[in-house]
Amino acid sequence: MEQKYIYKHPIYSILKDPGYPIMETATAFAPTNIALIKYWGKRNSFYNLPFTSSISISLRNKGTLTTISLSNDGKDKYYLDKKFMHKEHPFSQRIFKFLNGIRPKKLGFIIHTQNNFPSNVGLASSASGFCALVLALNKLFNWKMSYIDLSRLSRIGSGSACRSLWNGFVKWQSGKDFQGKDSYGIQLNISWKEFRIGIPFINKKKKIISSRIGMNHTVKTSKDFFLWIKYTKKYLRIFEKSLYEKNFQNIGYITESHSLYMHTIIENSIPPIYYRTIETLKIQKKVYNLRKNGISVFFTQDAGPNIILIFLNDIEKIIQKKFPGINIINPF
Ligand code: PMV
């Protein structure tokens, strides 16, 4: 049940007084992150609060660089990968809606955002995008905010963005507070030098349905949604313990089954949403076959057709051979 809103913009639950920019321009970078235990479904859409906690791995040098400046004419302008985005474009609307909670009257912003990986294809570009924006705003307004508050503020823009403040494994604790005071990212104290992430192909087609719309639809219409939530809560605990123990087999099997189960409940919504494509299934089958032959590689899939592999460095050469052109990331 959603509670009554106290503030007219969710940002004011964190920033009571945004103040005024102290410089004309500020720049920041944030890595994107891939959830291994995923977030899907909001218990409160206004404050962007999840039903369950989630755990991700950041892609270290793959992410978003954002520069925000004050405009001379009080008008907003948004450029994504050097392309001007019309103010009616859904990306612009989302960003400026967020900035409406911050801007002093009559102040316009010019935003230049550059991703060093494809945007809006289900590779969490909104995570690094909103996180980089919040980090740049923190400089522009000289807020000197703590990482916890920066994480809570990023969460208002995009849920997964609250995990992009840090490198390595990050847990977004769902929290219980109705305004989300206790809902933010926490970096897990784990350094796993052997851990690798692989992105075998990139389908650059735009997502069929945004995660925001997709998850609301799933919560409303998928009959097994709350079973998945129960499963997530149980397996998150085992997953976290396995991370500290560096038990890669557990991590792999839980990652893969959690993602498959999430797509099952998404496909069970009415009408169904299919993020998987033929290409997705081909890669999944290839992974199963490799495992049959003793090669320990597992996959996960976000709200798009792209598959993300996880494995350890001892099989890096084999993975490169089996998936020509694969992009391998060493997150530590
Ligand atoms: O934060 P959003 O609205 O981009 O949703 C993220 C949804 C998933 O990427 C599928 C899962 C996750 O936890 O990142």
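When a ligand or atom number is given, it counts from 1 through the structure's own listing order. Please read these numbers as outputs of a predicted model, since none were measured by experiment. Residues: numbered from 1 along the sequence shown.
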Cation over ring face, Lys286 and Phe323, 6.0 Å, 45°
yes
Apply the test salt bridge (Lys or Arg N to Asp or Glu O under 4.0 Å) to residues Arg291 and Glu256: give CA-CA distance (whole Å), side-chain angles for both, the deciding distance (0.1 Å), then the verdict.
CA-CA 13 Å; Arg291 278 221 301 280; Glu256 201 172 284; 2.8 Å; yes
Indicate the ring-plane relationship of Phe169 and Phe332, choosing parallel, tilted or perpendicular according to the 30° and 60° boundaries.
tilted
CG on Leu99 to OH on Tyr78, rounded to 0.5 Å:
10.5 Å
Polar proximity ligand 1 side, Arg212 side, N/O cut 3.5 Å exclusive
no
Contact between Ala127 and ligand 1, counting heavy atoms under 4.0 Å?
no
Return a yes/no value for Ser160: is any of its N or O atoms, backbone included, closer than 3.5 angstrom to an N or O of ligand 1?
yes
Compare all side-chain heavy atoms of Ile265 with those of Leu227 and state whether any distance is below 4.5 angstrom.
no
Counting each atom of ligand 1 from 1 as listed, which ones have a heavy atom of Gly159 under 4.0 Å away?
1 (O)
Is Ser54 close to ligand 1, meaning an N/O of one under 3.5 Å from an N/O of the other?
no
Mark up the atoms of ligand 1 that fall under 4.0 Å of a heavy atom belonging to Ala35, in ascending order.
12 (C), 13 (O), 14 (O)
With a cut-off of 4.0 Å, which atoms of ligand 1 are near a heavy atom of Ser126?
4 (O)
Is there a nitrogen or oxygen of Asn33 sitting under 3.5 Å from a nitrogen or oxygen of ligand 1?
no
Which part of Gln301 is near ligand 1, with near meaning a heavy atom under 4.0 Å away: side chain, backbone, both or neither?
neither
Could you say whether the N/O atoms of Lys38 and ligand 1 ever approach to under 3.5 Å?
no
Does a side-chain N-to-carboxylate-O contact under 4.0 Å join Glu267 and Arg276?
yes
With a 4.5 Å cut-off on side-chain heavy atoms, are Phe51 and Phe225 touching?
yes
Taking only heavy atoms of Met215, which atoms of ligand 1 are found under 4.0 Å from at least one of them?
5 (O)
Is Val287 close to Gln284 at the side-chain level, that is, under 4.5 Å between some pair of heavy atoms?
no
